[in-house]
Amino acid sequence: MVSQRTICELPPFRAGRRHRCLFNPLSTVSVIGSFSFLYPPHFAPLLGELSDSFQEYHQDRLWTTQSEYEVESLREHLFEHDSTAPFVAYRFIQQMVTSNPSPRYVAEVVKAFRTGRYGSEVFSGKYGDLSATVYAVLMDREARSPLLEADQTFGMLRDPLLKTYHLLRALKYQSYHGRELYLSNMPSRNGLQALRAPIVIGLYLPEYQPPGPAPTQGLVDPASPIPTAPNLHGFLTAA
């Protein structure tokens, strides 16, 4: 018989993920007036549940295990959230193929991320498979069709840092005695340097819309703020 003390085991929410055991009681918090909300489930005690009286110190008072459960629960919630797959798919496509992918293209990559397979190719068959995701990004017809090159809204502007790496690879650069390559003073030359992002979001904003007709057409060009006249001159002179 189901009661408030019942623990229910649910099947995996995503492919290849673990089963979940949920406690059944429903807790409602009522505020002054008619406003109420569900009491959030938690492992570690909240501030109102702590005792102000002195208690002898011991290891269990640190709530180490409960804190680990809290972090793992939040990480799992964010990883399996409905918006995670579209977010990852859209960003991968922007960095590899085109800044403005079609909804169909994004949906195909989302499907690969969630199922771990693309078309007849089966990878892990589990949710969150990045091998299937990258394969879908690069093998989709929107990434491989030469007809799209005639579309002026298709494609992406490579950032100067990638251009520098591509130039070195094209020239078959080899480091001296296998030493690690260090490109110094790159921000003053091309506007970018690895691991030196000016903001916490990254080197540039993925939703940036340059001035002109792009905003009216709903287009974005993330890397367009970087190749300014000084940066272009610095890239050419450094190269």
Side-chain angles (χ1 to χ4, degrees), residues 1-96 106-118 121-137 194-207:
M1 182 176 180
V2 178
S3 66
Q4 288 194 354
R5 306 295 300 176
T6 302
I7 297 178
C8 304
E9 183 178 1
L10 302 180
F13 180 61
R14 300 294 186 187
R17 303 293 291 170
R18 65 179 181 84
H19 290 252
R20 299 188 181 191
C21 296
L22 302 180
F23 198 38
N24 193 46
L26 177 66
S27 300
T28 305
V29 179
S30 299
V31 190
I32 298 177
S34 59
F35 180 75
S36 63
F37 60 93
L38 295 179
Y39 198 63
H42 59 280
F43 296 95
L46 301 178
L47 181 61
E49 300 172 335
L50 298 176
S51 175
D52 293 334
S53 59
F54 174 78
Q55 298 183 15
E56 183 179 356
Y57 171 80
H58 53 85
Q59 185 68 22
D60 293 339
R61 296 295 296 169
L62 294 177
W63 301 301
T64 304
T65 304
Q66 293 90 330
S67 300
E68 293 176 353
Y69 290 161
E70 291 277 6
V71 174
E72 177 64 19
S73 178
L74 175 60
R75 186 198 64 81
E76 189 173 73
H77 170 73
L78 296 177
F79 180 56
E80 297 186 0
H81 196 274
D82 289 338
S83 65
T84 299
F87 179 86
V88 173
Y90 186 72
R91 294 293 183 264
F92 272 38
I93 296 173
Q94 274 194 321
Q95 294 296 322
M96 296 182 183
V106 176
E108 288 294 323
V109 179
V110 167
K111 183 179 178 181
F113 181 88
R114 288 176 173 171
T115 61
R117 61 184 66 197
Y118 178 74
E121 296 290 334
V122 180
F123 294 85
S124 67
K126 297 180 180 180
Y127 174 85
D129 192 324
L130 292 183
S131 298
T133 304
V134 174
Y135 186 87
V137 170
L195 307 178
R196 296 287 181 90
I199 55 178
V200 295
I201 300 176
L203 296 171
Y204 40 78
L205 299 177
E207 298 87 6

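Since we're looking at a predicted model, the values are computed, not measured.
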Please give me the minimum heavy-atom distance between [X] and [Y], naming the atom from each residue.
X      : Y      : answer
Thr84  : Leu78  : OG1-O, 2.5 Å
Gly128 : Phe79  : CA-CZ, 3.9 Å
Tyr135 : Glu121 : OH-CG, 3.5 Å
Ala136 : Ala112 : CB-CB, 3.7 Å
Val110 : Ala89  : CG2-CB, 3.8 Å
Gly125 : Ala15  : O-CB, 3.9 Å

Rounded to the nearest 0.5 Å, what's the gap from CG on Asp129 to OH on Tyr118? Could you check?
14.5 Å
In Å and rounded to the nearest 0.5 Å, what is the CZ to OH distance from Arg114 to Tyr127?
6.5 Å
For Phe87, I'd like to know if atom CZ has over 12 heavy atoms of other residues, nucleotides or ligands within 6.0 Å.
no
Would you list the pairs meeting side-chain hydrogen bond (donor to acceptor under 3.5 Å, both in side chains) in which at least one residue belongs to residues 72-82, sequence neighbours left out?
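For residues 72-82: Arg14-Asp82, Arg17-Glu80, Arg18-Glu76, Arg20-Glu80, Glu72-Arg75, His81-Ser83.
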Using the test salt bridge (charged side-chain N to carboxylate O under 4.0 Å, His left out), find all partners of Arg91 that sit at least two apart in sequence or belong to another chain.
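If we apply the salt bridge (charged side-chain N to carboxylate O under 4.0 Å, His left out) test to Arg91, skipping adjacent residues, the hits are Glu207.
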Side chain to side chain, Thr133 and Phe92, heavy atoms closer than 4.5 Å:
yes
